[in-house]
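Here the structure comes first, spelled out in C-alpha cells, and everything after it is commentary.
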Amino acid sequence: NPASCLRDARRSAVECGATCRETLQAAKDGCINKDHACVEGCRAGRAACVEASGLEAALEVCNDSLVAARRICRDTTTADSPARDACIDAAQQVAFQCRDAAREAARPAIDACRTGFRTCTSVCPPGSGTPAENPRLCRRDANRAFATCQRACREDMQIDRDACLHRNHTCVEACRDARATCTQPLRDQLKVALAACASTRTAAVATCETLYADGTPEREQCIDNAQLAAFICSDSAHEAVRPGAVQCRKDFRACALGCPIVP
C-alpha cells in the first residue's frame, strides 16, 4: 500500500527530527553544563506559559479566518483571474494584521515567559560535565550538528519514499539534483527581493521612531503600516518566483516518473 508506506515514511522523518531536536537541546545544555533534565522541565514550563498567554489560540483563529476567506474567494471568483488574486491578497493582508495584533497583545506575557525560563534555568544544578570554554562556539557547533542530523533525516525519508513508489533511488536523486539546479536562480532572486523588503521595512520603522514619540498611537500605527508594507512586498516577491517554481516541480515529477521501476 503506497499511501500507508508514505505515511510511515513521513512519521519516521518526524520522529527522526524530534531526536535531532532533543540532541540539540542536550548539547546546548552541556555547553553551559546545566542538568539537561532540569532545563527540559524549564522548557516545558515555558511552553505551558506560552500556551496560557493565548497567543497560539489567537493565531489559530487568524489562520482559520484566512482559510475561510480563501474559500470564499475561490467560490466567488474565476480561477487564475485578477479578481481572485486580488481577493486572496486582501485576505492574506487581513490575516497578517490579525497575527501581528495577536503577537503585540501577547508580547508582555511572552516576555514574562522568557524571563521565567531564564530564571528557571539559572537555578538548575550543574550537569555531569564541565562548561565549554567558549559557550557561543559550542552552541554554534551544536546547531551545525543539528543541521547535519536534519539532512540525514531528509535523505532517509527520500530513500523510503522512493522505495514506497518502487522507483530507483539513484535516478530519483538525479531528478532532485536537477530540480535544485532549476530552483537555484529562483531562490537567489527571492533572497535579493526579500532583503530589499527587509531593508525598506527597517528604514520605514526608523522613520516612524524619529517622527513620533515612544508609546504613542501614531508611532504604533506608523510601524504597523511599515510592517504591512513589508509583508505585501515579501508576498509579491514569492508570487514572482512561483510560476518558475511550479514548472521546476512539474519537471521533477516528469523526471521521477521516468525512473526505472524496482521491486
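Identified under the salt bridge (Lys or Arg N to Asp or Glu O under 4.0 Å) test for residues 105-128, with sequence neighbours left out: D111-R114. Counting only residues at least two apart or on different chains, the salt bridge (Lys or Arg N to Asp or Glu O under 4.0 Å) pairs with a member in residues 144-164 are D162-R176.
A donor-acceptor pair under 3.5 Å is formed between the side chain of K34 and the backbone N or O of S122. S4 places no side-chain N or O within 3.5 Å of a backbone atom of N1 that could act as its donor or acceptor partner. No donor-acceptor pair closer than 3.5 Å links the side chain of N168 to the backbone N or O of P260.
For the atom pair R84 CZ and D75 CG, the distance stands at 8.0 Å (nearest 0.5 Å).
A heavy-atom distance below 4.5 Å is found between the side chains of Q227 and D100. At a threshold of 4.5 Å between non-hydrogen side-chain atoms, the residues Y212 and Q221 do not count as touching. Here the side chains of F252 and L257 are not in contact, with every heavy-atom distance at 4.5 Å or above. Side-chain contact between E22 and T19 is absent, with no heavy-atom pair separated by less than 4.5 Å.
In the model, D188 has a side-chain atom that pairs as donor or acceptor with a side-chain atom of Q184 under 3.5 Å.
Counting heavy atoms of neighbouring residues, nucleotides and ligands inside a 6.0 Å radius, atom CG of D80 does not exceed 12 of them. Counting heavy atoms of neighbouring residues, nucleotides and ligands inside a 6.0 Å radius, atom CD of E104 exceeds 12 of them.
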Show which side-chain atoms of residues 194-201 pair as donor or acceptor with protein atoms under 3.5 Å away, not counting sequence neighbours.
from, atom 1, to, atom 2, distance (Å)
T200, OG1, A196, O, 2.9

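A distance below 2.5 Å between sulfur gamma atoms is not met by C149 and C16. Disulfide check for C98/C62 passes, with the SG atoms closer than 2.5 Å.
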Is there a side chain to side chain contact (heavy atoms under 4.5 Å, CB included) between R187 and V241? Walk through the geometry before answering. CA-CA 8 Å; R187 292 196 296 269; V241 301; over 6 Å; no
Full working for side chain to side chain contact (heavy atoms under 4.5 Å, CB included) between Q150 and F146: CA-CA 6 Å; Q150 285 188 311; F146 175 66; 3.3 Å; yes
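Salt bridge status for R139 with D29: absent, with no side-chain N to carboxylate O gap under 4.0 Å. Salt-bridge formation is detected for the pair R219/D214: a Lys NZ or Arg NE/NH1/NH2 atom is positioned less than 4.0 Å from an Asp or Glu carboxylate oxygen.
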